[in-house]
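Take a look at the structure set out below.
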Amino acid sequence: MAYRVAVVGATGAVGREMLKTLYERKFPISEVAAVASARSAGVQVSFGEETILTVKNLDKFDFAGWDIALFSIGEAISGVHAPRAGAAGCVVIDNSSQFRMEADVPLIVPEVNPQAIAQFSKRNIIANPNCSTIQMVVALKPLHDKFKIKRVVVSTYQSVSGAGKEGMDELLANTKVHYVHDKNPPQVFQKDIAFNVIPQIASFMDDGSTKEEWKMAVETRKILDPNIAVIATCVRVPVFIGHAEAVHVEFEQPVTVNEARAVLRAAPGLIVHDQRVDGGYITPAEAQGEDAVYVSRIRKDSTVPHGLAFWCVSDNLRKGAALNAVQIAEYLVAHKMLANKTEKAA
Ligand SMILES: NC(=O)c1ccc[n+]([C@@H]2O[C@H](COP(=O)([O-])OP(=O)(O)OC[C@H]3O[C@@H](n4cnc5c(N)ncnc54)[C@H](OP(=O)(O)O)[C@@H]3O)[C@@H](O)[C@H]2O)c1
């Protein structure tokens, strides 16, 4: 069987990666549509090496008859169009934060909680978690299964592509003007991102944390275990693609570095690259274009009873967004969840 798939936000950083990922992984497609705003209607985007798609206007796009829509547009627009697509019988996999914490919308990382996908049928919407959450829970899941996590302290080093194509443009433009001893006033970021780091991603909340930090905590609990305490500090860094995280975990049970390494090595979606020599770890530049979540710098945290620290890196546009969404779609196909839906509707 092959499916009609719409990529909504197809001109964006994540949308383009979605088209690439669908093609590379040979997702069973009978027809693919590229959809974006009215501004991009008529623009051409490529799907694989031979197919050129003409972008359609989301406002006029009819989702009836489409099996899956991969959404990567902002929260507000997803809030309008994802329910419209779902009501038309199309299963939406949404990258925005609009629906993530809603009880009847599953929040899925296929390596971590695939069993929760089945709850999608009420609204036909499945949420993709935040990019920083995804890579962290892929690494935490096997450790939690074995040693039971109590608390996580994480500091992120997040690339500018996490803020979309405009974030990447701003890093490039601001870096260039530094060389002519000039400055660009920041527009996407709160301060100059060139040769700098910014301890703010998204807006502030009443308790002094940012929305990104809050998302990492609540999403981790929804995906993995509601009893895990999480405190995050999310920082934007002048890297184009790839998020890094320094993760400190406190467990209920004792854990040695060798045990943790063995558990992580056996887990799906993870590559352990941990050599205690110069350069024996993975950096964001090396993770770019790769599917895996990389774990390095595994060591004991002796400041708490059963503690472990590690470094975790992944391509935020791939595993942090497009790949995770496509893996969810693959799961729906492999478990005949789309076919069942069509049969029920018929
Ligand atoms: N970047 C990441 O690492 C990442 C990771 C996880 C989740 N996400 C989420 O994914 C979404 C997209 O992120 P991105 O990084 O791809 O952003 P982006 O590069 O700025 O792209 C935004 C996309 O949304 C489309 N869009 C904007 N307004 C629209 C409208 N009114 N109607 C229809 N389409 C509209 C844009 O189309 P036009 O070109 O026509 O404006 C473009 O295709 C966001 O919700 C983001 O939070 C991003």
Side-chain angles (χ1 to χ4, degrees), residues 6-21 33-45 53-61 63 69-82 84-85 92-100 107-109 125-137 156-172 187-189 201-203 210-212 215-216 219 234 236-237 239-245 284 287-289 293 313-328:
V7 174
V8 181
T11 52
V14 174
R16 284 179 188 270
E17 200 66 36
M18 282 171 162
L19 286 167
K20 194 169 155 216
T21 308
V35 184
S37 76
R39 294 178 292 274
S40 305
V43 164
Q44 297 196 316
V45 294
L53 305 171
T54 301
V55 174
K56 296 180 163 71
N57 177 359
L58 175 61
D59 295 329
K60 296 184 181 161
F61 191 79
F63 288 94
L70 304 180
F71 271 54
S72 64
I73 51 181
E75 286 172 44
I77 314 154
S78 271
V80 174
H81 293 279
R84 179 169 77 78
V92 174
I93 302 169
D94 182 45
N95 261 275
S96 82
S97 56
Q98 180 68 21
F99 304 99
R100 288 180 192 153
L107 181 64
I108 301 297
V109 179
I125 300 174
I126 300 168
N128 223 31
N130 179 272
C131 39
S132 304
T133 308
I134 292 177
Q135 69 182 66
M136 184 171 78
V137 296
T156 70
Y157 306 75
Q158 296 181 224
S159 67
V160 294
S161 58
K165 56 190 176 190
E166 288 178 359
M168 299 171 85
D169 291 345
E170 186 158 307
L171 173 58
L172 185 63
Q187 288 178 351
V188 176
F189 303 110
I201 299 181
S203 54
T210 63
K211 192 93 187 279
E212 185 84 352
K215 285 179 198 170
M216 286 194 79
E219 291 180 17
C234 293
R236 189 72 71 192
V237 298
V239 166
F240 281 103
I241 293 174
H243 289 355
E245 297 173 347
Q288 186 179 333
V293 173
V313 175
S314 195
D315 182 328
N316 54 294
L317 297 178
R318 280 186 86 85
K319 185 56 189 166
L323 173 63
N324 198 70
V326 172
Q327 286 174 314
I328 293 170

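When a ligand or atom number is given, it counts from 1 through the structure's own listing order. All of these numbers come straight from a predicted model, not from anything done at the bench.
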For Glu75, I'd like to know if atom CD has over 12 heavy atoms of other residues, nucleotides or ligands within 6.0 Å. yes
N/O donor to acceptor pairs below 3.5 angstrom from side-chain atoms of residues 128-136, sequence neighbours left out:
residue, atom, partner, partner atom, Å
Asn128, OD1, Asn324, ND2, 2.6
Asn128, ND2, Asn95, OD1, 3.0
Asn128, ND2, Ala321, O, 2.9
Asn130, OD1, Ser132, N, 2.9
Asn130, ND2, Glu212, OE1, 3.2
Asn130, ND2, Glu212, OE2, 3.2
Ser132, OG, Gln158, OE1, 3.1
Ser132, OG, Gln158, NE2, 3.1
Thr133, OG1, Glu219, OE1, 3.1
Gln135, NE2, His243, O, 3.2
Gln135, NE2, Cys312, O, 3.2

Backbone N/O of Leu107 and side chain of Arg100: donor-acceptor pair under 3.5 Å: no
Closest approach of Ala202 to Lys211 (non-hydrogen atoms, all atoms of both residues): CB-CB, 3.7 Å
Is it true that a side-chain atom of Asp315 and a backbone atom of Gly289 form a donor plus acceptor pair closer than 3.5 Å? yes
At their closest point, which heavy atom of Asn316 faces which heavy atom of Gly242, and how far apart are they? OD1-N, 2.7 Å
Residues around ligand 1, heavy atom under 4.0 Å from any ligand atom, sorted by chain and number. Can you pull those? Gly9, Ala10, Thr11, Gly12, Ala13, Val14, Ala36, Ser37, Arg39, Ser40, Leu58, Ser72, Ile73, Gly74, Ile77, Asn95, Ser96, Cys131, Ser161, Gly162, Gly164, Lys165, Asn316, Leu317, Gly320, Ala321
